[in-house]
Amino acid sequence: MQSVKTNPDRFRKNQIPLYLYLIPLAAFMAVPIVFILLHAFKPLDELFNYPPQFLVYKPTLENFRDLFTAARGSITPISRYIFNSLVVTVFVVLGTVVFSSLAGFALSKMKFRLKNVIFTVNNAALMFVPVAVTIPRFMTISFLRMDDTYLAHILPLLAMPVALFLIKQFIDQIPDALIEAATVDGAGALKVYWKIILPMIRPAIATGAILAFQLVWNNIETSSLFTTQEGVRTLAFYMNTLSAAGTVAGQGMAAAASLIMFVPNLILFVILQSNVMNTMAHSGLK
């Protein structure tokens with residue numbers, strides 16, 4: 001009896017029911033993305049139509065021209081905001097990946113007291129929305145005198161419970177015998193982490209990087225609460241300031257700014273989406 005492949009390399013007739021189910025679902029999930037794209041090119045009269053319309057009938061670049069004109073008139077050049085966002089994003093993403101992978105390795109493969117308690121605390125932190133910890137974060141940044149510095153952007157975002165959870169669950173799938181064999185050969189904990197753990201958890205690292213990027217790239221909280229100088233604020237805050245103007249044209253700039261801030265997230269996810277799917281398959285509850 002001929003076996004049927006779960007993931008065949010070419011189209012087969014028995015896949016038709018699957019496509020009939022997945023194509024409408026994919027189209028439904030793509031609706032918000034298409035709306036953001038079309039919304040950015042709507043002229044003002046279509047932006048204010050009631051009831052709101054999904055399609056754009058007279059596409060225009062006027063929203064982008066207004067946005068860039070307002071940016072050129074700013075005292076602080078937009079290149080400064082872009083630079084700040086790049087610096088903060090790089091440090092937060094790298095820091096999140098390093099700390100989450102190290103902590104995940106320790107919580108998964110090492111034996112020490114209170115290990116389960118620490119992991120439970122991390123999971124409990126998933127229940128708290130960011131606004132619930134706004135005041136403690138503000139008090140911590142003020143106490144450490146990090147106001148108006150890059151650390152005010154980076155430090156509050158380094159701890160990412162969801163990234164630690166996913167990476168730890170992924171590391172759980174690595175056989176203990178592999179680590180024990182490396183230990184017998186004389187490898188220390190750091191060498192095991194560097195030579196064995198990291199190469200085997202690349203999908204989980206990619207997923208954590210995507211989540212960290214989305215968190216920091218779109219974040220305006222740190223610029224609003226922890227900084228007063230325009231020279232250390234980020235692009236997301238600047239775009240929000242331009243688009244939040246209480247004018248009719250401000251709504252067009254808001255649509256254009258939303259698309260500009262969304263595109264990097266989409267590109268990164270498209271590039272790494274296979275790793276994300278792999279991580280979700282291996283990081284479920286056991």
Exercise. Between OG1 of T149 and CD1 of I154, what distance do you get to the nearest 0.5 Å?
Worked result: 8.0 Å
Exercise. Which heavy atom of A256 sits nearest a heavy atom of L67, and at what distance?
Worked result: CB-CD2, 4.1 Å
For this session: Answer yes or no: are there more than 12 heavy-atom neighbours, outside F262 itself, under 6.0 Å from its atom CZ?
Result: yes
Exercise. Around F112, counting heavy atoms of other residues, nucleotides and ligands shown, do more than 12 lie under 6.0 Å from its CZ?
Worked result: yes
Exercise. Between F64 and F68, what is the ring plane arrangement, given parallel below 30°, perpendicular above 60°, and tilted in between?
Worked result: tilted
For this session: For the residue pair L86 and L235, establish whether any side-chain heavy-atom pair is separated by less than 4.5 Å.
Result: no
Exercise. Near I135 CD1, under 6.0 Å, is it more than 12 heavy atoms from other residues, nucleotides or ligands?
Worked result: no
For this session: Give the minimum heavy-atom separation between S85 and T234, together with the two atoms involved.
Result: OG-CB, 3.3 Å
Exercise. Take atom NZ in K115; do more than 12 heavy atoms of anything else shown fall under 6.0 Å from it?
Worked result: yes
For this session: Look at the side chain of K195 and the backbone N and O of L190, then say whether any donor-acceptor pair between them is shorter than 3.5 Å.
Result: no
For this session: Working to the nearest 0.5 Å, report the span between CG of L114 and CG of L107.
Result: 11.5 Å
For this session: Apply the side-chain hydrogen bond (donor to acceptor under 3.5 Å, both in side chains) test between H153 and each candidate in T222, N219, N84; give the one that qualifies.
Result: T222
For this session: Examine the side chains of Y81 and E230 and answer whether a donor and an acceptor come within less than 3.5 Å of each other.
Result: yes
Exercise. Taking atom CZ of F138 as the centre, does the number of heavy atoms from other residues, nucleotides or ligands within less than 6.0 Å exceed 12?
Worked result: no
Exercise. Counting only N and O atoms by type, is there a donor-acceptor contact under 3.5 Å from the side chain of N218 to the main-chain atoms of Q214?
Worked result: yes
